[in-house]
Amino acid sequence: MSRVQLWAADQDDEDLGEVDVGLAIGSYGQQELQPRFDEAAFVALQHQMAQQAMLAAIPDVVKRFLISFHRAVREHNVPEISAAYDAGWNKLTEKYYAKTEWPDPELVAPLVGDDPLFLILYRELYYRHVYSRLAPELDDRFHSYENSCELFNFLLNSDGPVPLELPDQWLWDIIDEFIYQFQSFCLWRAKARAKGDPAADDDPALSQTWSTYSVLNVLYSFVQKSRINEYLDAVRAGKSQDEINDIVGEYGQRPLYRMLGYFSLIGLLRVHVLLGDYTLALSVVDHLDLGQKSMLSRVTACHVATYYYVGFCYFVLRRYADATRTFASVLNFIGRMRQYHTRSYQYDQINKTADRMYALFALSVALAPGARPDDSVLAGARERFGEQTARVARGDAAACDELFGYACPKFIAPDGGAGWDHQALFREEVKAQLGSGTLRGFLKMYKTVDVRKMAAFLEADFAPAAEAAGDSVEEEVLMEMMVLKQASRSLSRLPGDAGSLLDGESVCTSDLDFVIDENIVHVAESTVGRRYAGWFIRNAEAAERAYDGVRALPVPGGAQKVGAK
């Protein structure tokens, strides 16, 4: 017989009995004062009475929830922990703490028997709520970091694996929130420095709080402790469970450490992207299987985040064909699972990340027009960013800059400040990739053309640059063509390639290719054909939905009997 959840949302507060708080914290109000006045004892008594009053102010349904939540964690009851974490916490937040903090951890301690492990987990939820719903103060940033260190030290430095079981969703959120708060602290410090706030550097505690080294050390420690890379290689090689257990050791056999190690790999991918090291970011997740049936799909938010950062790495490394395939794969997945996502408390975050990937997909298609895009994803990008997508297709560099600024992550620097101006670097790349719009338009008009003839036609466009460089217009046009030629080549993985994420072959990503023989330019323009099967399927489905909608409408004028006059 399953235990009835005392904190269930369908129970009214009036139906719940009073919690016997006296059993937890004692009956302080009945203590007798000593005949001689003791100021310290009096202050302590006042504090205890204030604590008792604040505890009494907590709604009974919240008290019962915390007691039930603690019992589930202590008994390693993962289904009840999942129910409390996914549903109970969020429902109570919306009802009681949408704009305020949850009860202070010190106030909650008597309800859970001063259990240190549960209080660490509760503080993790407490500070996450502060970051997501409220404005964290500097003390909140300090204390959240200290609590994260306490949790990770307990997991990594205990004598053997700790007896703790948590659902995969919570484990992912712990790693994800840890990196988010690190990023938030770095951006806060950068803003404080820009304003000339001495607190950003003068406080000695800041040099140790949320340092890049400490964050990377935690993530790499989980990877090493769990031996997750060895586990993934062994699974891919088809080894037996006994062989895998011998390889990964006592820590890697525990689901808690295995999933923390796995999520730490994705965390390292994210941190290295934020720091601007895209090659290292991809090499960190080389052992991951990015297929739909991998461990990645256990947590939808993790799945989406991984594809976003992998696709962004490909995009910035100018591997636009790989970026296009990566974004298309996960965006189609999100579209198929949209009904499920609406029931997830992370629905809004998944949608925001999806919109950013649609923007990057549109940019990838514009910068690599020779690649064959996914028509349905391209339609979604045009639906969300219609105006910018049309401008990007015309080679508008300002529109590219707008979409990149919207879609890129907020970079940070290794010293804990703001990152370099990656947007400025992207502008230079767009300038080289799109080249002169006049030059591209001119090349599309010819199959063969003499360079001197091109220079004569394009003199107005290239004469100022040629004069500044001390070259002739003909030499300036040739250099611009070489830049355009070089920018149209990039690495790309072959479809179905199971090798490293950094492997690939050089391919042409432009719809315009040319060669120069002596002074004659030979131009070859390619066009991407439409995928008619997918086009007919999508339009047939749209027509069927429209037909069903029309049939469901009431008959105008009300129903009439057959044969009625």
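Being a predicted model, the structure only gives us computed values, none of them experimental.
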Legend entry - Side-chain heavy atoms of Arg493 within contact of Leu501, under 4.5 Å: yes
Inset, instruction - Enter the distance from Asp60:CG to Phe65:CZ here, rounded to the nearest 0.5 Å. - result: 15.0 Å
Inset, instruction - Check whether any side-chain N or O of Ser82 sits under 3.5 Å from a backbone N or O of Val78 as a donor-acceptor pair, and report yes or no. - result: yes
Legend entry - Side chain proximity check, Pro409 to Arg356, heavy atoms < 4.5 angstrom: yes
Inset, instruction - For side-chain contact (heavy atoms from CB on, under 4.5 Å), just list the numbers for Val248 and Arg258, CA-CA rounded to whole Å, side-chain angles, deciding distance to a tenth of an Å, and then say yes or no. - result: CA-CA 9 Å; Val248 300; Arg258 182 187 307 156; 5.8 Å; no
Legend entry - Sidechain-backbone polar pair: Arg227 side chain, Ile247 backbone, donor-acceptor under 3.5 Å: yes
Legend entry - From CA spacing to verdict: side-chain contact (heavy atoms from CB on, under 4.5 Å), Val223, Val284: CA-CA 10 Å; Val223 171; Val284 165; over 6 Å; no
Legend entry - Atom of Pro103, atom of Val108 and distance for their closest heavy-atom approach: CB-CG2, 3.8 Å
Inset, instruction - Give a yes-or-no answer on whether the side chains of Gln241 and Asn245 include a donor-acceptor pair shorter than 3.5 Å. - result: yes
Legend entry - Atom of His76, atom of Pro163 and distance for their closest heavy-atom approach: CE1-O, 2.7 Å
Inset, instruction - Could you go through the ring-ring contact (aromatic ring centres under 6.0 Å, His included) check for Trp102 and Phe69 one step at a time? - result: CA-CA 15 Å; Trp102 270 73; Phe69 199 0; 9.2 Å; no
Legend entry - Main-chain N/O of Tyr97 paired with His129 side-chain donor or acceptor, under 3.5 Å: yes
Legend entry - Straight-line distance of Met295 CE to Ile228 CD1, nearest 0.5 Å: 4.5 Å
Legend entry - Pair Glu124 + Arg128, salt bridge at N-O below 4.0 Å: yes
Inset, instruction - Would you name the heavy atoms of Leu269 and Val285 that are closest together and state the gap between them? - result: CB-CG1, 3.8 Å
Inset, instruction - Compare all side-chain heavy atoms of Leu166 with those of Leu121 and state whether any distance is below 4.5 angstrom. - result: yes
Legend entry - Leu187 to Phe411 - nearest heavy-atom pair and separation: CD2-O, 3.8 Å
Inset, instruction - State whether Lys352 and Asp355 are salt-bridged, where the test is any N-O pair (Lys NZ or Arg NE/NH1/NH2 against Asp/Glu carboxylate O) under 4.0 Å. - result: no
Inset, instruction - Could you check Tyr314 against Tyr320 for ring-ring contact (aromatic ring centres under 6.0 Å, His included), going step by step and ending with a plain yes or no? - result: CA-CA 6 Å; Tyr314 280 140; Tyr320 301 116; over 10 Å; no
Legend entry - Heavy atoms from other residues, nucleotides or ligands near CD of Glu505 exceed 12 (cutoff 6.0 Å): no
Legend entry - Spacing of CD1 belonging to Ile81 relative to NE2 belonging to His70, to within rounding of 0.5 Å: 11.0 Å
Legend entry - Within-4.5 Å side-chain heavy-atom neighbours: Leu425 and Val316: no
Inset, instruction - With the side chain counted from C-beta on, respond yes when Leu363 and Phe327 share a heavy-atom pair under 4.5 Å apart, and no when they do not. - result: no
Inset, instruction - Any chance you could measure Ile120, atom CD1, to Leu125, atom CG, to the nearest 0.5 Å? - result: 12.5 Å
Legend entry - Aromatic ring proximity, centroids under 6.0 angstrom, His303 and Phe333: yes
Legend entry - Donor-acceptor contact present, side-chain Ser184 to main-chain Tyr180, <3.5 Å: no
Inset, instruction - Tell me yes or no: between the side chains of Tyr126 and Asn147, is some donor less than 3.5 Å from an acceptor? - result: no
Legend entry - Mutual orientation of the aromatic rings belonging to Trp89 and Tyr122 [parallel < 30°, tilted 30-60°, perpendicular > 60°]: perpendicular
Legend entry - From CA spacing to verdict: side-chain contact (heavy atoms from CB on, under 4.5 Å), Val299, Leu171: CA-CA 10 Å; Val299 180; Leu171 296 176; over 6 Å; no
Legend entry - Result of checking Tyr257, Tyr145, Phe178 against Phe152 for ring-ring contact (aromatic ring centres under 6.0 Å, His included): Phe178
Inset, instruction - First locate atom OG1 of Thr326, then atom CG of Leu331, and finally report the distance between them rounded to the nearest 0.5 Å. - result: 10.5 Å
Legend entry - Closest approach of Leu219 to Ser264 (non-hydrogen atoms, all atoms of both residues): O-CB, 3.5 Å
Legend entry - Heavy-atom side-chain proximity of Thr300 to Trp172 below 4.5 angstrom: no
Inset, instruction - With rounding to the nearest 0.5 Å, note down the distance linking CG in Leu502 to OG in Ser283. - result: 6.0 Å
Legend entry - Minimum side-chain heavy-atom gap Lys225-Leu155 below 4.5 Å: no
Inset, instruction - Look only at the side chain of Asp140 and the backbone of Glu137, and say whether a donor-acceptor pair between them is shorter than 3.5 Å. - result: yes
Legend entry - Min side-chain heavy-atom separation Arg141-Ser144 under 4.5 Å: no
Legend entry - Shortest non-hydrogen separation from Val130 to Pro136 and the atoms involved: CG1-CA, 3.9 Å
Inset, instruction - Check the angle between the aromatic planes of His143 and Tyr127 and answer parallel, tilted or perpendicular using the 30° and 60° thresholds. - result: tilted
Inset, instruction - Evaluate the criterion side-chain contact (heavy atoms from CB on, under 4.5 Å) for residue pair Arg270 and Gln183; output intermediate values, then yes/no. - result: CA-CA 10 Å; Arg270 177 180 176 183; Gln183 180 187 22; 3.5 Å; yes
Legend entry - Parallel, tilted or perpendicular, as decided by the 30° and 60° cut-offs, for the rings of Trp210 and Phe182: tilted
Inset, instruction - Examine Tyr231 together with Tyr262 and report whether their ring centres are nearer than 6.0 Å. - result: no
